[in-house]
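Every heavy atom of this structure was used, including side-chain atoms; hydrogens, water molecules and symmetry mates were not.
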There are 2 protein chains.
Amino acid sequence: MSQESRTDNDQLLAVAAEEFARKGLAGARVDAIAAAAGLNKATLYYRIGDKQALYEAVFERELGGLIRETEAAVGTAVGAKAQLRAFIGAVAASLGCAAPLLLREVADGGSGIPDHALDHMGKLVGLLRQILEAGAASGEFRPVNPFVIHMMIVGGLNLYAANAPIRERVAARHPQGVSAAHFITLEQAAGMMYDYILGALRP
Amino acid sequence: MSQESRTDNDQLLAVAAEEFARKGLAGARVDAIAAAAGLNKATLYYRIGDKQALYEAVFERELGGLIRETEAAVGTAVGAKAQLRAFIGAVAASLGCAAPLLLREVADGGSGIPDHALDHMGKLVGLLRQILEAGAASGEFRPVNPFVIHMMIVGGLNLYAANAPIRERVAARHPQGVSAAHFITLEQAAGMMYDYILGALRP
DNA sequence: CATTCAACTAACCGTTTAGTTAAAATATTG
DNA sequence: CAATATTTTAACTAAACGGTTAGTTGAATG
């Protein structure tokens, strides 16, 4: 029962994540989420609580997955450069529909971020800082402000991941002004960002 | 009359911008905007139209200011490096409350961006591309994907500008894990980003 | 068979929200 | 001044929304 209930909630949270990602906390409709999850609205309230609780569960799930996979990827890499590449690649690979959620939360001042998810975000920042400090200690990197680097990586990845529809609209309006450079995959963009950050860190 | 009405609308748009920045299109309340602007709701509807029209006017105004000031700053700079510095500095300086608006719009897939504002965004991308291509032609920069660089700069600046409340909350929860590096001004962060991007562009 | 209990549902409720209206006030003009 | 056009207002509406309620189901328990 606990197992089954857990699985069902997982399905619900995945569906809700898409809805919250597309519409935001204020824009998403509980009825729409319940319908998409094949649930009666009252069942949803019975299982989770109110809209805010559902949102927090979704956010924590998405961010938890991101930090777990990123820590795992960095953990298997050896050396500051390989760890940096793993960090950027893992964040890019496991963003999923977390990018719109994150962007909206930042815009909101983080008003919907539960404390536990906040700790996740702190861990991600700390992880990159460790990588950069280790690289600086070994002489591979020059000393930098790790938080600013973090903003450039995470900001760049999230913005790129989320703005595909805008790129396409711009391309449709200005076919001559758009090059193939605008239409690479997120993985390719992440690879380039690693390359550029590496250049920025060169002593 | 036209002049006075224009000025009044400017006041209204500035107030509405703050509300939309804080709450988003779906979260902002027309009554709250009208009250904050010292206007009756019907007056707002008479002057502007519906909520969507108000939002589009706000967005265009904010983005228009950003692109205008950025183009002006880059225009007075000489040489690719100085122009790059001007670009980053001007975007940072004139973000204002545009950062949350932009982040939310990207998260939304740009569904609320009017065509004219979309052209502004295209111009900003094109401006940076010109700078980077000129630098590559003169041998100052190595060839890069200008759009990815754009994402890192604009994503980094917007994320940094908007996430101050989150930083403070993290700092309050983990006083030991937070360094002074997290609490520099946006201008200082922009200066560092210029430095890092310059490193990334070094041939 | 009677009872219990978690899980679920259809229908409903009070509030909020974007948007409207009709009339009063104010300015503009002939 | 009178007539006409423009603004402003309080009050209102219809619909949408988050959340609740009373009641059902079906399996476990005794």
Side-chain angles (χ1 to χ4, degrees), chain A residues 1-60 101 104-105 107-108 111-114, chain B residues 1-61 100-101 104-105 107-108 111-114:
Chain A
M1 182 209 77
S2 162
Q3 183 62 30
E4 195 173 64
S5 161
R6 179 69 62 109
T7 306
D8 286 2
N9 271 3
D10 236 53
Q11 158 75 7
L12 167 60
L13 292 183
V15 167
E18 281 178 39
E19 192 72 7
F20 282 129
R22 268 215 314 277
K23 311 269 187 80
L25 173 56
R29 301 298 156 211
V30 176
D31 295 80
I33 293 172
L39 252 51
N40 186 286
K41 184 164 60 159
T43 305
L44 188 155
Y45 275 91
Y46 176 79
R47 286 213 197 147
I48 300 282
D50 61 6
K51 192 189 191 184
Q52 180 74 28
L54 174 61
Y55 178 80
E56 289 183 8
V58 162
F59 193 84
E60 200 160 309
L101 289 173
R104 283 186 212 275
E105 265 313 319
D108 258 19
S111 60
I113 305 179
Chain B
M1 178 208 78
S2 161
Q3 183 61 31
E4 194 172 66
S5 160
R6 180 69 63 111
T7 306
D8 286 2
N9 271 2
D10 235 53
Q11 158 76 6
L12 167 60
L13 292 183
V15 167
E18 280 177 40
E19 192 73 7
F20 281 129
R22 268 215 314 279
K23 310 269 187 80
L25 173 57
R29 302 296 155 212
V30 175
D31 295 81
I33 293 172
L39 252 51
N40 185 282
K41 185 163 60 155
T43 307
L44 189 155
Y45 275 90
Y46 177 81
R47 286 213 197 145
I48 300 279
D50 61 7
K51 193 189 191 185
Q52 181 73 29
L54 173 62
Y55 178 79
E56 290 183 6
V58 162
F59 193 84
E60 200 160 308
R61 195 185 98 109
L101 290 174
R104 282 185 212 277
E105 265 312 318
D108 258 21
S111 62
I113 306 179

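Below the 3.5 angstrom threshold, one finds a donor paired with an acceptor across the side chain of A/Lys41 and the base of D/dG19.
Here the closest heavy-atom approach between residue A/Leu101 and residue A/Phe59 is recorded as O-CE1, 4.0 Å. Across all non-hydrogen atoms, the minimal contact from A/Tyr45 to A/Asp50 is CE2-CA, 3.7 Å. Residues A/Pro114 and A/Glu56 approach most closely at CB-OE1, 3.9 Å, considering heavy atoms.
Within the structure, every side-chain polar atom (N or O) of B/Asn40 is placed at least 4.0 Å from both OP1 and OP2 of D/dT7. OP1 or OP2 of D/dT7 has not a single side-chain nitrogen or oxygen of B/Thr43 nearer than 4.0 Å. For the pair B/Arg47 and D/dT8, the criterion of a side-chain N or O lying under 4.0 Å from OP1 or OP2 is met. Proximity of A/Arg29 to the phosphate of D/dA16: no side-chain N or O atom is located under 4.0 Å from OP1 or OP2.
Residue A/Lys51 contributes atom NZ, which lies 16 Å from atom P of D/dA16 at whole-angstrom precision. Spacing between atom CD1 of B/Ile48 and atom P of D/dT7 amounts to 13 Å, rounded to whole angstrom units. In this structure, CG of B/Leu44 is placed 12 Å from P of D/dT9, rounded to the nearest angstrom. For the pair B/Tyr55 OH and C/dA18 P, the computed distance is 15 Å after rounding to whole Å. Between B/Leu25 atom CG and C/dT17 atom C1' there is a gap of 13 Å when expressed in whole angstrom units. For B/Asp31 and D/dC12, the CG to C1' distance is 13 Å, given to the nearest whole Å.
Using a distance-only test at 3.5 Å, with no hydrogens or angles considered, a donor-acceptor pair links the side chain of A/Glu105 to the main chain of A/Gly112. The backbone N or O of A/Ala28 sits nowhere less than 3.5 Å from a side-chain atom of A/Arg22 that would complete a donor-acceptor pair.
The side chain of A/Ala42 has D/dT21 as its nearest neighbour among D/dT7, C/dG19, D/dT21. Here the side chain of A/Tyr45 is nearest to one of C/dA18, D/dT20, D/dA10, namely D/dT20. Here the side chain of B/Tyr46 is nearest to one of C/dA6, D/dT8, C/dG19, namely D/dT8.
Contacts of B/Ala28 with the nucleic acid, taken as non-hydrogen atoms under 4.0 Å apart, involve only primed sugar atoms and P, OP1 or OP2.
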